[in-house]
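Just below is one structure, and these are the notes that go with it.
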Amino acid sequence: MEKISAIRGMNDLLPEKSRVWRNLEKKIATVFSNYGFDEIRTPILERTELFLKGLGEVTDIVEKEMYSFEDQLNGKTYSLRPENTAAVVRASVQHSLTYNEPRKLWYYGPMFRHERPQAGRYRQFFQFGVEMLGYDSPESEVELILMCNAVWRSIGLDGNLLPKLKLNSIGTSEERSLYVQALRDFFQKHVGILDNENLNRLKRNPLRILDSKNEDLVKLKDQAPKITAFLGNASKSHFENLLSLLDSHQISYDVDLKLVRGLDYYNSTVFEWKVSGFGAQDTICGGGRYDALVPLLGGAPTGACGFAIGMERLVEIFEADSRERKETFVDLYFAHAGKDARVIAIKVAEQVRKAGMSVKVDLTHASLKTQVKRAFRNSAEFLAIFGEEELKTGQVSVRWLSREEGEAHQIMVPYAELVEFLRKNKTGNGSQ
Ligand code: HAM
């Protein structure tokens with residue numbers, strides 16, 4: 001029979017990989033709650049018009065990357081969400097979330113874009129995102145940036161793997177439309193150098209030319225007019241305030257005047273975090289201010305800003321760190337020899353779980369040697385072995401699996417004292 005495989009660009013997360021993901025997910029969610037953000041969960045499917053309106057009709061996502069279909073039962077058009085800012089704003093307007101106070105929200109889940117799959121670019125990918133609704137000061141943007149930093153710290157990224165911050169201000173929509181006109185005039189004079197895709201952008205949205213990855217255009221883009229000349233006093237002072245706040249927090253950054261982001265809802269501050277050495281897909285986080293989106297989707301005018309981190313890219317960077325990490329995924333692995341031992345192992349394991357620790361009991365008839373190998377493969381912190389000898393003495397032999405040479409590795413513990421022993425000696429976070 002022919003085997004059916006997953007859709008291209010949509011990945012299975014096998015158990016070994018899921019462990020790594022789960023570990024990072026817990027850490028990131030903890031950072032977000034430490035900053036007082038609440039989780040919001042919205043549907044994966046939304047009305048297509050939400051994204052047409054919210055993201056802008058002349059954006060790559062809306063023009064060519066949405067998974068949209070007509071529901072045959074009611075003739076309506078829906079889309080798998082390509083991103084979640086529009087949906088969070090939709091939910092906030094629908095449920096009047098900011099009626100009493102501004103909101104700090106986070107979300108996590110799969111997004112869908114019909115892009116050409118390659119390393120770091122998938123058709124289903126996961127984002128951790130944050131949206132601050134009802135906030136308009138540069139301090140809110142600083143908080144976003146501090147949170148990103150806290151995420152990098154919480155998962156131990158440093159050295160070359162520490163993401164670098166790039167920032168820009170793209171002003172108000174009025175300022176931007178003057179700038180777009182200046183860009184149009186400039187690129188119009190150089191149509192001979194533009195490829196087909198950018199000729200199309202020139203007609204429809206010249207700002208997107210600055211996003212182009214075409215190496216032949218680097219010089220031309222450098223010569224293009226800069227947004228700075230078009231910013232009014234309010235936009236300038238907002239951005240200057242932000243930069244001086246970042247300085248006061250000793251956060252390093254580069255101002256990148258070509259950074260415009262690929263979605264139309266942004267205004268004022270935009271930012272990205274990049275890690276070099278990961279090819280074209282080196283942006284692991286993008287965000288900025290989007291004050292016009294809430295009124296555009298029917299809410300009262302209010303300041304808003306946020307960011308999203310791409311989980312696949314974050315995991316790739318995390319795994320590029322070759323330092324050995326002593327992560328444990330289960331507190332105790334229970335190996336046993338014989339039926340009687342198994343019966344007792346299951347009972348004792350239940351007591352350990354009741355005490356809040358995780359235990360995996362090997363329920364097979366494999367040899368002790370194989371079971372011990374599995375304990376290592378399962379990244380257990382401790383291995384308990386129940387052999388015939390142990391049964392006779394009412395004790396269990398416990399081994400530390402992650403101890404260095406020279407440290408004590410093994411000890412006999414009476415069953416009745418196993419919970420207490422683990423409580424005292426456990427250092428890992430195997431209890432998920
Ligand atoms: P975005 O820049 O489109 O922004 O996506 C944010 C991050 O998601 C990217 O930096 C990247 O790490 C990841 N990402 C995007 N597309 C893919 C893909 N095809 N495969 C793998 N990873 C991908 C947004 O989505 C905005 N909603 C962010 C935001 C929130 N702005 C304000 N609030």
Side-chain angles (χ1 to χ4, degrees), residues 7-11 13 28 32 37 40 42 46 50-51 54-56 59-62 64-67 80-92 103-133 135 140-141 143-145 147-148 151-152 163-168 170 208 211 213 259-275 278-294 297 303-318:
I7 298 170
R8 215 160 89 82
M10 305 209 176
N11 302 316
L13 270 186
I28 298 170
F32 292 168
F37 282 62
I40 182 163
T42 57
E46 296 275 353
L50 172 68
F51 302 114
L55 314 192
T59 52
D60 281 357
I61 294 182
V62 167
K64 39 185 196 200
E65 296 172 1
M66 289 225 289
Y67 283 95
L80 285 171
R81 61 185 185 190
E83 63 97 60
N84 212 27
T85 306
V88 168
V89 171
R90 193 262 315 131
S92 164
R103 291 285 188 147
K104 298 183 178 188
L105 303 170
W106 70 269
Y107 55 83
Y108 177 61
M111 309 293 155
F112 303 85
R113 296 184 193 174
H114 199 135
E115 298 195 79
R116 200 166 48 79
Q118 53 176 256
R121 190 161 77 187
Y122 307 102
R123 291 180 171 170
Q124 174 181 287
F125 59 96
F126 284 73
Q127 281 185 346
F128 256 111
V130 156
E131 311 296 351
M132 298 179 77
L133 305 176
Y135 292 88
S140 41
E141 293 147 38
E143 183 153 281
L144 293 176
I145 287 165
M147 285 172 85
C148 291
V151 169
W152 317 145
K164 296 199 173 52
L165 175 61
K166 285 179 182 285
L167 294 159
N168 193 17
I170 56 168
R208 294 278 93 77
D211 269 344
K213 297 233 154 84
L259 180 67
V260 288
R261 308 270 304 130
L263 296 152
D264 276 0
Y265 51 58
Y266 290 112
N267 66 285
S268 183
T269 309
V270 288
F271 63 89
E272 284 184 350
W273 293 85
K274 287 176 185 275
V275 179
F278 288 84
Q281 314 308 320
D282 58 354
T283 306
I284 67 159
C285 171
R289 179 160 286 289
Y290 51 89
D291 301 326
L293 186 60
V294 183
L297 297 179
C305 53
F307 66 79
I309 298 173
M311 193 60 187
E312 284 76 4
R313 295 183 194 177
L314 190 68
V315 171
E316 201 190 328
I317 293 163
F318 175 77

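In each ligand, atom 1 is the first atom listed, and ligand 1 is the first ligand listed.
Here E272 pairs with R261, K274 under the salt bridge (charged side-chain N to carboxylate O under 4.0 Å, His left out) rule; sequence neighbours left out. A search for side-chain hydrogen bond (donor to acceptor under 3.5 Å, both in side chains) contacts involving N267 returns D291, not counting sequence neighbours. Under the salt bridge (charged side-chain N to carboxylate O under 4.0 Å, His left out) criterion, E312 pairs with no residue at all, not counting sequence neighbours.
In this structure, ligand 1 sits under 4.0 Å from heavy atoms belonging to E83, T85, R113, E115, G120, R121, Y122, F125, Q127, E131, R261, L263, Y265, Y266, T283, I284, C285, G286, G287, Y290, G306, F307, A308, G310, R313.
In summary, the side chains of Q127 and E83 do not present any donor paired with an acceptor at a separation below 3.5 Å, with no hydrogens or angles considered.
Looking at heavy atoms from C-beta onward, Y290 lies in side-chain contact with L133 at the 4.5 angstrom threshold.
Using the six-membered ring where Trp is involved, F128 and Y108 have ring planes that are parallel, under 30° apart on the 30 and 60° scheme.
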